[in-house]
Amino acid sequence: MMEKSNPWANAAPPKAGSLDPIASDIAAVLKRMGGSAHQSVVIDCVVAIRRQQGETAARQDLVTRILDVLERYRDLFFRPFGEGSMRWALKPEAA
């Protein structure tokens, strides 16, 4: 059986010491998407990555964790169209 390749594997996460694995996944997704993407796209892609890695948590639990990481890592991620928007971007200095 042929093993599926990870389409995000070549998108390097930002350099950091002990970065939350979900933050690394989000950064890889945003980098692969050209630096920014709609929140729903980021969530869907990160959930897919986590599932491929064997994550068994309920989808809603993963969504909650992803949103929490986006908010906690404001040194890496920001909303390029303002706080009311649903778009997230990777800060240029983190790219």
Side-chain angles (χ1 to χ4, degrees):
M1 183 174 182
M2 186 180 230
E3 185 176 325
K4 288 184 180 180
S5 65
N6 181 347
W8 311 107
N10 294 330
K15 293 176 173 76
S18 58
L19 192 63
D20 185 306
I22 289 181
S24 294
D25 292 342
I26 292 168
V29 167
L30 289 171
K31 193 165 195 164
R32 178 85 175 190
M33 297 288 179
S36 70
H38 191 277
Q39 180 172 296
S40 64
V41 172
V42 173
I43 289 170
D44 289 345
C45 291
V46 172
V47 167
I49 290 168
R50 305 304 294 173
R51 293 285 186 239
Q52 189 177 41
Q53 294 172 350
E55 178 71 55
T56 58
R59 178 180 170 83
Q60 189 54 49
D61 292 340
L62 279 174
V63 169
T64 300
R65 285 175 55 204
I66 293 164
L67 293 173
D68 178 61
V69 168
L70 282 165
E71 292 296 337
R72 266 191 302 128
Y73 284 85
R74 286 305 189 105
D75 55 328
L76 296 177
F77 313 118
F78 73 106
R79 294 182 185 269
F81 299 120
E83 288 307 309
S85 78
M86 296 296 286
R87 191 161 192 87
W88 285 95
L90 190 58
K91 286 200 173 174
E93 58 271 17

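In terms of the side-chain hydrogen bond (donor to acceptor under 3.5 Å, both in side chains) criterion, Arg51 has no residue partners (sequence neighbours excluded). Remark: Asp75 engages no residue in a side-chain hydrogen bond (donor to acceptor under 3.5 Å, both in side chains) (not counting sequence neighbours).
Looking at Val29 and Asp25, their side chains never come closer than 4.5 Å, going by heavy atoms from C-beta outward. Looking at heavy atoms from C-beta onward, Arg32 lies out of side-chain contact with Cys45 at the 4.5 angstrom threshold. Residues Ile43 and Leu67 have side chains in contact (heavy-atom distance under 4.5 Å, counting atoms from C-beta outward).
Of the possible polar contacts, one joining the Lys91 side chain to the Arg74 backbone as a donor-acceptor pair under 3.5 Å is found. Side-chain atoms of Arg79 come within 3.5 Å of backbone N or O of Ser85 as a donor-acceptor pair. Listed for the Tyr73 side chain is a donor-acceptor partner under 3.5 Å among the backbone atoms of Asp20.
Clustering ILVMFWY residues whenever any of their side-chain heavy atoms sit less than 4.5 angstrom apart, transitively, puts Val46 in a cluster other than the one holding Phe78. With hydrophobic clusters built from ILVMFWY side chains whose heavy atoms lie under 4.5 angstrom apart, Phe77 shares a cluster with Met33.
Rounded to the nearest 0.5 Å, atoms CG (Leu70) and CD1 (Ile26) are 4.0 Å apart. In this structure, CD on Glu71 lies 13.0 Å from CD1 on Ile66, to the nearest 0.5 angstrom.
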Could you list the donor-acceptor pairs under 3.5 angstrom formed between side-chain atoms of residues 54-62 and any protein atom two or more places apart in sequence or on another chain?
residue: Glu55; atom: OE2; partner: Ala57; partner atom: N; Å: 3.3
residue: Arg59; atom: NH2; partner: Asp44; partner atom: OD1; Å: 2.7

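Side-chain atoms of Arg87 and Ser36 include a donor-acceptor pair closer than 3.5 Å.
Minimum heavy-atom separation, Leu90 to Leu30: N-CD1, 3.8 Å.
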Practice problem: Take Leu76 and Leu19 through the test side chain to side chain contact (heavy atoms under 4.5 Å, CB included) and record every step on the way to the result. | Solution: CA-CA 11 Å; Leu76 296 177; Leu19 192 63; 3.6 Å; yes

